[in-house]
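Being a predicted model, the structure only gives us computed values, none of them experimental. Convention: sequence-line order gives letters A, B, ...; per-chain numbering from 1. Computed from heavy atoms alone, side chains included, the values below leave out hydrogens, waters and symmetry copies.
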Amino acid sequence: MHPEAFREALVDWFSTHQKDYPWRRTKDPWAILVSEMMLQQTQVATVLDRGYFTRWMERFPTPADLAAADESEVLSLWEGLGYYNRARNLQSATVVIRDEHHGRFPRELSTIETLPGIGRYTAAAVYSFAFDKPAPLVDANVARVIARLYHFDQRIDTAAGQKFLWDTAAELLDQQRPRDFNSALMELGQAICKPRAPRCKECPVADWCQSFQQDRDPATLPIKKPKRETVLVDEHAIWSHRDDGAVLLQHESGTRRKGLWKLPLRSVESVSHLPVIYRSTYGITHHRVSLTVYQSDSSEKPRKDESWVPATDLPTTPMASPFRKALDKLLSSC
DNA sequence: CACCCGTGGTA
DNA sequence: TTACCAAGGGT
């Protein structure tokens, strides 16, 4: 592989096919960091079409604005995106920027990577996109592209597999235009070198692709460890409300959905005599949860870890999606 | 290294 | 409808 012609073909393709994202119209490291955090394990369409990025940047135009905010408001603006530790980590990062970097966004790659919630990928993304400085990066798109380019038929989710991907990304990187090159490699994975039905006939770098040249099936790569088997779980919640509010429970110990609110949960024995007023199923990690909501007795009062939430606060009280949907449905049918 | 963390789109 | 997948990081 002689990377020069590969780089040229890739960046040329990108120059005419790149999509117009708001975070590509700016060099503000804060805006770019926000986009990268939101895009972790999350599709572009979700972040863009549902308005998360725009709302966030309007409310928190600078790191200092986020550092000064209440966690409840932060989580409320993140509601529906999932992986809520991202939001808390992002706020923690702004506090570090304020208290340890004089309020200025760090410009060293190693310093950016020390910020909470920012790992090797996100640090390199901010470094190359905001400052156009050279750092290789590997996300799910790049991993797929490299695995197919080199027909890497071993697992990529091992130390050896990760080393191969990052070493290769470093070799390929165009030091003269790291911003465009990294963006191009990622967009190639998103638009052309797709997981299931790659569009090899439209690929600008098919000449350099071993999977394509050797007529292998690219859809078999990359290889990862099979996911855990799905575990079925039942959740039983109660709906206890009046016109002026409802009883909610804040997620406590443990880390799942920390800081968010949900309907109070009960044992199935304690609610089996109550009328069922809502059902849904949702997935969380490797669990498949069946949620059932029961109309509580009017005598039901909040337990010590539960709170009466006024109706006017319900829309801005951060809740995970399954409970937000339940609450919306129950409020509308009252 | 293994496992955990959410959600919505897509085939 | 189920299963896979996504601009990963922390523990």
Could you tell me the separation between the [atom1] atom of [X] and the [atom2] atom of [N], rounded to a whole number of Å?
X	N	atom1	atom2	answer
A:L260	B:dG6	CG	P	8 Å
A:R257	B:dC4	CZ	P	15 Å
A:F323	B:dG6	CZ	P	12 Å
A:E79	B:dG8	CD	P	10 Å
A:R256	B:dG6	CZ	C1'	10 Å
A:L81	B:dG9	CG	C1'	14 Å

Minimum heavy-atom separation for [X] to [Y], with atom names?
X	Y	value
A:V138	A:L165	CG2-O, 3.7 Å
A:I238	A:S296	CB-CB, 4.1 Å
A:L137	A:A125	CD2-CA, 3.7 Å
A:H2	A:W208	O-NE1, 4.2 Å

Under 4.0 Å, heavy atom to any atom of DNA chain C: which of residues 219-238 of chain A qualify? A:K224, A:K227
DNA chain C contacts made by residues 36-51 of chain A, counting heavy atoms under 4.0 Å: A:E36, A:L39, A:Q40, A:Q41, A:Q43
Are OP1 or OP2 of [N] and a side-chain N or O of [X] less than 4.0 angstrom apart?
X	N	answer
A:R196	B:dA11	no
A:H286	B:dC3	no
A:T285	B:dC5	yes

Under 4.0 angstrom, heavy atoms only, what part of the nucleic acid is [X] near: base, sugar-phosphate, or nothing?
X	value
A:W78	nothing
A:Y21	base
A:S35	nothing
A:A125	nothing
A:A159	sugar-phosphate
A:R288	nothing
A:Y84	sugar-phosphate

Basic-acidic side-chain contact under 4.0 Å: A:R59, A:D65: no
Between A:R24 and A:E187, is there a side-chain N and carboxylate O pair less than 4.0 Å apart? yes
Take A:N141 and A:G117, find for each the nucleotide of DNA chain C with the closest heavy atom, and name the residue whose nucleotide sits nearer the 5' end. A:N141
Separation of the [atom1] atoms in [N] and [M], to the nearest angstrom:
N	M	atom1	result
C:dA6	B:dC5	C1'	14 Å
B:dC1	C:dG10	C1'	14 Å
B:dG8	C:dG9	P	22 Å
C:dC5	B:dG6	C1'	13 Å

Find out whether the Lys NZ or Arg CZ of A:R55 is both under 6.0 angstrom from the six-membered ring centre of A:Y52 and within 45° of the ring's axis. yes
Donor-acceptor pairs are to be reported for all side-chain atoms of residues 94-112 of chain A against protein atoms at under 3.5 Å, with residues two or more places apart or in another chain.
unit_1	atom_1	unit_2	atom_2	d
A:T94	OG1	A:A67	N	3.3
A:T94	OG1	A:Q91	O	2.5

Given the rule in the side-chain contact (heavy atoms from CB on, under 4.5 Å) test, do A:I284 and A:R257 qualify, once you have shown the distances and angles that lead to the verdict? CA-CA 11 Å; A:I284 178 168; A:R257 293 169 174 169; 3.8 Å; yes
Assign each of A:A160 and A:G80 the nucleotide of DNA chain B bearing its closest heavy atom; nearer the 5' end lies the nucleotide of A:A160
Kindly say whether A:R148 contributes a backbone atom to a donor-acceptor pair with the side chain of A:S211 at under 3.5 angstrom? yes
Between A:D12 and A:A9 (side chain of the first, backbone of the second, donor and acceptor by atom type, cut-off under 3.5 Å), is there such a pair? no
Can you pull out every side-chain hydrogen bond (donor to acceptor under 3.5 Å, both in side chains) where at least one residue sits in residues 313-334 of chain A? Sequence neighbours excluded, please. A:E79-A:R324
Give me the first and last nucleotide of DNA chain C, going 5' to 3', that has any atom under 4.0 Å from a heavy atom of chain A. C:dC4 to C:dG10
Can you tell me which residue pairs pass the salt bridge (charged side-chain N to carboxylate O under 4.0 Å, His left out) test with a partner in residues 191-201 of chain A, sequence neighbours excluded? A:R199-A:E202
